[in-house]
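Only this structure's heavy atoms are used, side chains among them; waters, hydrogens and symmetry mates stay out. This structure is a prediction, so every number in the text was calculated from the model and none was measured.
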Amino acid sequence: MEKLRKMLGEIEYKEKLIGLLQIIVGNVGYALVVQLFILPMDLLTSGTTGISLVLHKITGLPVPPLLLALNIFTLLLGFIFIGKGFGMSTILSSFISPIALEFWSHALKGVMLTQDLMLNAIFAGLGTGLTLGIVLRAGSSTGGMDVIPIMAKKYLSLPLGAGFIITDMITLLSQGLLFSWERVLFGLICVIVTSISIDKMTLIGTTRTEVKVISEKPEEVKDAILKEMGRGVTMLNAERGYTNRPTQVVLSVIYNRELPQIIRIAHEIDPACFLIVGRISEVHGEGFSRGVKG
């Protein structure tokens with residue numbers, strides 16, 4: 001029992017360490033994207049970064065300290081109105097990205113990869129989605145303007161997705177008063193690409209395949225999946241619609257690459273079997289979490 005506790009403790013420590021590294025890499029990468037694609041062309045964007053750009057345009061102050069000040073302000077709002085659950089990881093994100101941006105602004109001063117606004121908007125969106133997706137996969141919040149939609153959900157029952165859209169739109173429109181409306185449209189492209197990229201990034205490596213096998217030989221199919229593939233199986237009681245005869249459905253969740261193997265196994269046992277295949281976005285449990293083979 002003590003050995004098991006120690007092993008679980010080591011796994012938890014490794015997971016926390018990996019999560020911390022993801023938060024650092026994600027925020028440093030995000031700052032790099034801002035420096036390479038957003039700042040050189042005054043590309044409009046959402047969140048505290050977008051507000052920092054507006055304040056920079058009005059006051060002439062550098063973006064990194066403005067971003068840090070805004071992150072601290074939203075952190076305080078989070079602790080006051082949301083509570084301690086706002087999390088240490090959010091604090092890390094709020095401080096790492098401005099510090100990293102200050103570093104990149106000196107290290108890459110004068111570097112401009114392209115002067116094409118469309119290319120900047122697309123790659124800024126892709127880079128932001130990739131890097132913030134890494135942070136979100138670590139179970140962390142990116143801080144900043146995230147607190148506003150969370151507060152709106154808590155106190156106004158506004159759906160979180162709607163809160164993010166409204167916050168982004170207000171930020172972009174406020175920038176339109178200082179920049180050209182054409183730039184606002186490029187900013188919208190950036191925000192849309194970011195949103196799509198984050199969705200894709202948070203699902204990379206988590207999608208699995210669900211297979212249901214309806215066969216006259218369910219026990220044989222079950223045994224073959226267990227022995228040949230080492231995958232867990234659930235037997236579902238069902239009834240055939242045409243004959244009203246009771247039957248069993250073999251349910252198994254597998255890695256995507258294992259689909260041809262399970263199809264082969266099922267058809268070798270029962271060529272007339274019926275397979276239903278579906279893609280699922282995420283699985284938690286033995287066999288898929290923490291790399292445990294089921």
Side-chain angles (χ1 to χ4, degrees), residues 18-39 43-53 63-64 66-68 70-75 77-78 82 86-105 108 113 120-151 153 160-172 175 186-207 281-282:
I18 292 170
L20 177 62
L21 289 173
Q22 282 182 262
I23 293 168
I24 293 171
V25 169
N27 278 284
V28 171
Y30 171 65
L32 178 61
V33 171
V34 172
Q35 179 60 38
L36 287 177
F37 299 107
I38 295 175
L39 293 182
L43 185 66
L44 308 190
T45 186
S46 58
T48 48
T49 304
I51 296 173
S52 299
L53 290 171
V63 173
L66 289 171
L67 180 60
L68 179 61
L70 282 170
N71 282 345
I72 292 172
F73 174 69
T74 52
L75 264 180
L77 282 180
I82 300 173
F86 207 51
M88 285 297 297
S89 58
T90 305
I91 297 175
L92 272 175
S93 292
S94 297
F95 282 92
I96 291 172
S97 55
I99 293 170
L101 183 57
E102 180 68 23
F103 168 77
W104 291 125
S105 67
L108 300 173
L113 298 183
N120 275 285
I122 292 171
F123 279 95
L126 288 172
T128 301
L130 171 68
T131 53
L132 297 189
I134 292 172
V135 177
L136 293 172
R137 282 176 68 97
S140 172
S141 164
T142 54
M145 294 300 287
D146 287 6
V147 69
I148 306 300
I150 295 171
M151 286 170 57
K153 183 177 187 299
L160 204 57
F164 277 109
I165 292 171
I166 292 170
T167 304
D168 287 346
M169 291 303 104
I170 290 173
T171 306
L172 283 172
Q175 293 173 77
F186 279 109
L188 279 171
I189 292 172
C190 180
V191 169
I192 291 167
V193 174
T194 295
S195 178
I196 295 171
S197 301
I198 286 176
D199 286 344
K200 297 295 182 184
M201 182 61 195
T202 52
L203 291 178
I204 287 176
T206 64
T207 57
S281 60
E282 198 165 349

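Listed by chain and residue number, L32, L108, V111, L113 satisfy the side chain to side chain contact (heavy atoms under 4.5 Å, CB included) test with L36 (two or more places apart in sequence, or in another chain). For T131, there are no side-chain hydrogen bond (donor to acceptor under 3.5 Å, both in side chains) partners, not counting sequence neighbours. When the side chain to side chain contact (heavy atoms under 4.5 Å, CB included) test is applied to L68, the partners found at least two apart in sequence or on another chain are I72, F95, P98. For E102, the side-chain hydrogen bond (donor to acceptor under 3.5 Å, both in side chains) partners are H106, not counting sequence neighbours. The side chain to side chain contact (heavy atoms under 4.5 Å, CB included) test applied to V28 returns I24, I96, A100, W104, not counting sequence neighbours. With sequence neighbours excluded, the residues that form a side chain to side chain contact (heavy atoms under 4.5 Å, CB included) with T171 are I51, T167, Q175.
You'll find the side chain of S97 reaches within 4.5 Å of the side chain of N71, heavy atoms only. For the pair F103/I99, no side-chain contact is recorded, criterion being any heavy-atom separation below 4.5 Å from C-beta on. The shortest side-chain heavy-atom distance between Q35 and L101 falls under the 4.5 Å cut-off. At a threshold of 4.5 Å between non-hydrogen side-chain atoms, the residues C190 and L44 do not count as touching. Side-chain contact check for I23 versus S93: some heavy-atom pair is nearer than 4.5 Å. Between L53 and L43, every side-chain heavy-atom pair lies at or beyond the 4.5 Å cut-off.
Separation of atoms CZ (F73) and OG (S94) is listed at 13.0 Å; rounding is to 0.5 Å. Going from atom CG of N120 over to atom CD1 of I189 covers 11.5 Å, rounded to the nearest 0.5 Å. If you take OG on S52 and CG on L66, they are separated by 5.5 Å, rounding to the nearest 0.5 Å. In this structure, CG in L126 is found 4.5 Å from OG in S197, a value given to the nearest 0.5 Å.
Residues I38 and A124 come closest through the heavy atom pair CG1-CB, 3.9 Å.
Checked against T194 for a side chain to side chain contact (heavy atoms under 4.5 Å, CB included), the options I192, I198, I196 give a single hit: I198. The only member of V135, T49, V25 that meets side chain to side chain contact (heavy atoms under 4.5 Å, CB included) when paired with Y30 is T49.
For F186, the CZ atom sits in a packed shell: over 12 heavy atoms of surrounding residues, nucleotides or ligands are nearer than 6.0 Å.
Side-chain N or O atoms of T128 include none that pairs as donor or acceptor with a backbone N or O of G125 at under 3.5 Å.
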